[in-house]
Protein chains: 2
Amino acid sequence: VVVIADEAVAALHATALVTSLRDAGKSVSLQVVPPGEESKVLSMAAMLYGRLLEHGVDRHDLIVALGGGVVCDLAGFVASTFLRGIPHLQVPTTTLAAIDATIGGKTALHAPFGKNLIGTTYPPKAVLIAGTHLASQPRREHTAGLVEALKLAATLDATLFDTIGREASRLLACAEPTLNVLRRAVVLKADLLGRHDFVAGERTVLSFGHCVGEAIEAGAEHRLLHGEAVALGMLAETEWAEAEGWCAGISGALATVVRALGLSNDWRACAIDERGIGGEAKRRGSNLRLAYVPRIGSHEVRTVPAAALIEFVRRRRTP
Amino acid sequence: VVVIADEAVAALHATALVTSLRDAGKSVSLQVVPPGEESKVLSMAAMLYGRLLEHGVDRHDLIVALGGGVVCDLAGFVASTFLRGIPHLQVPTTTLAAIDATIGGKTALHAPFGKNLIGTTYPPKAVLIAGTHLASQPRREHTAGLVEALKLAATLDATLFDTIGREASRLLACAEPTLNVLRRAVVLKADLLGRHDFVAGERTVLSFGHCVGEAIEAGAEHRLLHGEAVALGMLAETEWAEAEGWCAGISGALATVVRALGLSNDWRACAIDERGIGGEAKRRGSNLRLAYVPRIGSHEVRTVPAAALIEFVRRRRTP
């Protein structure tokens with residue numbers, strides 16, 4: 001078993017994991033990489049290939065990714081490309097990685113010219129989420145990660161949406177219902193990807209909040225976490241859908257839960273990089289594919305003119 | 001469309017391919033890499049990622065691998081890992097690549113510590129084999145490539161075996177039945193891999209001739225091509241199977257076709273690296289999985305003690 005972790009996570013959690021694997025009779029090696037996005041590159045993968053070879057790792061061995069999105073993406077890429085693929089487990093230590101990086105089998109590295117441009121689709125054998133791991137992440141990261149669960153709830157599961165709203169304070173403290181909420185979110189996402197794995201259009205539900213959210217994230221110049229920007233994006237897009245008459249009363253329910261999670265709901269006050277609205281992935285020429293919520297727990301997808309959404313955002317902003 | 005070729009193949013065939021793609025209305029870029037195994041490395045993949053990004057390649061675009069095994073493996077790896085996989089075609093220009101590198105979706109790069117240790121399983125959308133391409137390869141390479149077809153014929157298809165024996169001289173000249181023989185070999189191999197893709201044991205048929213052949217290849221210190229060594233290995237392994245009483249009269253039929261292809265059948269005179277007999281992939285502890293031919297066009301697999309095969313080879317050699 002080769003455990004891959006960054007220095008920060010290794011210091012907190014590697015000893016317990018390595019010890020329990022050794023107690024179970026496994027031969028274990030720990031490979032530590034520097035923390036941060038800089039580790040999600042081809043040269044780090046090459047370093048890890050070398051370590052795997054030094055340890056004589058073969059197809060019967062196992063890679064364990066212990067960490068946040070960076071380590072899950074990096075270790076997953078290495079597992080998918082070493083000896084044409086060896087088994088791996090994901091042990092996400094952040095809420096976002098638990099719901100996002102580990103499901104659907106996306107692995108990724110950054111290229112010199114752009115983020116996440118190198119990668120494979122290679123599902124882990126299992127995703128193991130531990131409350132002790134989640135409790136050690138910065139509170140703000142945890143909250144931003146919960147937005148991913150909220151997005152899935154709003155578009156797919158009204159019961160989960162109610163639970164998140166009702167239990168918000170306990171979720172923020174990583175208390176009792178947290179693992180249940182995450183498990184449900186993981187199942188929702190895995191089902192969605194399993195059903196529609198290669199039908200790009202059907203994945204659009206996962207981009208709810210991203211058409212505007214990514215433009216808010218760009219406008220904030222790294223002062224907002226991805227989840228914080230997506231929460232604002234979900235509100236903006238929903239208000240547009242309401243203004244267009246496609247739904248009613250949704251933005252209010254969403255804003256209530258967003259506030260209960262301690263997040264801002266004031267997207268109007270944000271700097272927004274308009275060129276980023278409905279970035280590359282969602283564009284189809286001058287149109288974009290937009291997911292919205294007709295009723296809490298369901299979703300629809302429309303092809304809409306990007307210019308109309310941009311105009312709406314521009315008009316409503318109160319910077 | 002991004003065509004990837006090495007300098008030698010590009011000089012011979014790139015203009016015709018690029019022109020015909022452009023005539024079909026495609027926007028085409030040609031990316032040339034140095035010839036030889038040295039190009040099958042991560043740094044070359046990184047260079048190609050950069051070129052793809054410069055050209056704004058996305059998931060709707062196409063990579064075309066034009067060349068032998070090195071370029072097919074390299075371009076396949078790049079296609080499988082760029083944007084989590086974009087479509088690619090293989091246009092093999094050598095006989096070996098036509099039957100071997102392009103089928104089953106194996107892609108591979110060399111690592112600093114070993115060959116083909118980095119890779120993915122990622123089938124091309126199509127494999128396009130052109131007689132004009134095959135006719136331009138060195139005759140010796142073509143002959144060695146035909147051994148792969150002979151191996152498939154001996155273990156899976158008696159009719160193909162007869163055809164190869166009967167048409168040997170025309171096959172050697174890349175004349176009329178060559179593409180039909182290769183098409184049949186490709187179908188046999190693709191069926192085999194499609195049926196048993198991840199059942200390692202069932203792939204053992206593909207290693208017929210390799211337990212001893214790879215030891216002969218190692219003993220020859222690069223003076224033999226892989227196919228030449230496998231032909232000798234098939235004969236040695238078959239003679240052992242006959243000595244053990246598992247089959248009869250097969251080695252004579254095999255030797256006749258091997259000679260008709262202009263290849264040596266005298267494995268007894270070869271230098272053989274005994275440590276290489278049944279190398280890593282076929283070993284199970286002190287045993288190895290050996291495929292043999294009970295009747296032409298069929299195969300069986302046995303788990304046998306490596307020492308017994310080594311002893312047989314040692315005794316029969318007449319160096």
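Just so it is clear: chains get the letters A, B, ... in the order the sequence lines come, proteins before strands, and each one is counted from 1. The figures that follow rest on heavy atoms only: side chains count, while hydrogens, waters and symmetry mates do not.
- Lys189(B) NZ: more than 12 foreign heavy atoms inside a 6.0 Å radius.
- Taking non-hydrogen atoms and a 4.5 Å limit, the residue list of residues 28-42 of chain B in contact with chain A, ordered by number, reads Leu42(B).
- With Ile310(B) as reference, Ile277(B) is the one residue of Leu288(B), Val212(B), Ile277(B) to meet the side-chain contact (heavy atoms from CB on, under 4.5 Å) rule.
- For Phe82(B), the parts lying under 4.5 angstrom from a heavy atom of chain A are both the backbone and the side chain.
- The candidate from Leu53(B), Leu117(B), Leu83(B) with the greatest count of non-hydrogen atom pairs under 4.5 Å with chain A is Leu117(B).
- Using a 4.5 Å cut-off between heavy atoms, Thr81(B) touches chain A through backbone and side chain atoms alike.
- Inter-residue side-chain proximity for Leu188(B) and Val186(B) is flagged as unmet; no heavy-atom pair is nearer than 4.5 Å.
- In this structure, the ring-ring contact (aromatic ring centres under 6.0 Å, His included) partners of His226(B), at least two apart in sequence or on a different chain, are His210(B).
- Of the atoms belonging to Thr107(A), it is backbone heavy atoms, and not side-chain ones, that fall under 4.5 Å from chain B.
- The contact between Phe77(A) and chain B is made entirely by side chain atoms (from C-beta outward), counting heavy-atom distances below 4.5 Å.
- In this structure, CD1 on Ile63(B) lies 7.5 Å from CG on Leu48(B), to the nearest 0.5 angstrom.
- Counting heavy atoms from C-beta on, the side chains of Val3(B) and Leu21(B) come closer than 4.5 Å.
- Two residues are said to be in side-chain contact when any heavy atoms from C-beta on lie closer than 4.5 Å; Val57(B) and Ile86(B) meet this criterion.
- The main-chain N or O of Asp58(B) is found under 3.5 Å from a side-chain atom of Asp61(B) such that the two form a donor-acceptor pair.
- Both the backbone and the side chain of Thr120(A) have a heavy atom closer than 4.5 Å to some heavy atom of chain B.
- The main-chain N or O of Ile99(B) is never found under 3.5 Å from a side-chain atom of Glu148(B) such that the two would form a donor-acceptor pair.
- In this structure, the portion of Ala111(B) lying under 4.5 Å from any heavy atom of chain A is its side chain and not its backbone.
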